[in-house]
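One structure below.
Quantities reported herein were computed from a predicted structural model and do not represent experimental measurements.
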Amino acid sequence: MSYSFTDAEIQAAAVRLGVIKAGEDVPARLRSRVVASLVADRRRPTSPAEVPVAQQVVIEPGGQISVDGRPFP
């Protein structure tokens with residue numbers, strides 16, 4: 001999935017995160033972290049119904065774990 005953010009969105013997010021003060025430029029070395037925060041916000045489920053919930057978790061004596069019948073890594 002491709003994401004696109006304007007400079008204004010990046011700057012607003014940097015201010016919200018406390019990286020810069022309003023009116024300052026986002027330092028190049030921190031820009032990717034601010035963008036990563038914006039991507040995480042967009043990827044976050046918007047409602048509890050979108051969050052997957054396991055119906056069954058089984059832990060066996062040997063340490064194997066299965067979630068809904070599938071092995072858990």
Side-chain angles (χ1 to χ4, degrees):
M1 181 176 277
S2 177
Y3 295 99
S4 178
F5 301 101
T6 64
D7 286 336
E9 288 176 302
I10 295 169
Q11 188 167 3
V15 170
R16 179 178 49 85
L17 294 168
V19 174
I20 62 170
K21 294 179 183 172
E24 294 180 349
D25 289 333
V26 180
R29 62 185 174 81
L30 298 176
R31 189 176 178 90
S32 63
R33 291 183 183 203
V34 174
V35 170
S37 171
L38 288 168
V39 169
D41 286 345
R42 286 205 183 160
R43 294 179 71 190
R44 211 169 269 135
T46 57
S47 70
E50 295 178 26
V51 178
V53 178
Q55 300 299 315
Q56 179 184 35
V57 177
V58 177
I59 303 172
E60 298 184 18
Q64 283 85 1
I65 300 171
S66 65
V67 178
D68 292 336
R70 292 179 292 176
F72 187 76

Does Val39 have any side-chain contact (heavy atoms from CB on, under 4.5 Å) partners at least two apart in sequence or in another chain, and if so, which?
Tyr3, Phe5, Val35, Arg43

Applying side-chain contact (heavy atoms from CB on, under 4.5 Å), can you list everything that pairs with Thr6, at least two apart in sequence or on another chain?
Ala8, Glu9

If you look at every heavy atom in Ile20 and Pro27, which pair is closest and at what distance?
CG2-CD, 3.7 Å

Between Arg31 and Val26, which heavy-atom pair has the shortest distance, and what is it?
CA-CG1, 3.9 Å

Check whether any side-chain N or O of Asp68 sits under 3.5 Å from a backbone N or O of Gln55 as a donor-acceptor pair, and report yes or no.
yes

Tell me the salt bridge (charged side-chain N to carboxylate O under 4.0 Å, His left out) pairs involving residues 10-28, sequence neighbours left out?
Arg16-Asp41

Same apolar cluster (I L V M F W Y, side chains within < 4.5 Å links), Val58/Ile65:
no

If Ile, Leu, Val, Met, Phe, Trp and Tyr residues are connected whenever their side-chain heavy atoms lie under 4.5 Å apart, and connections chain through other members, are Val67 and Ile59 in the same group?
yes

To the nearest 0.5 Å, tell me how far Ser37 OG sits from Ile10 CD1.
11.0 Å

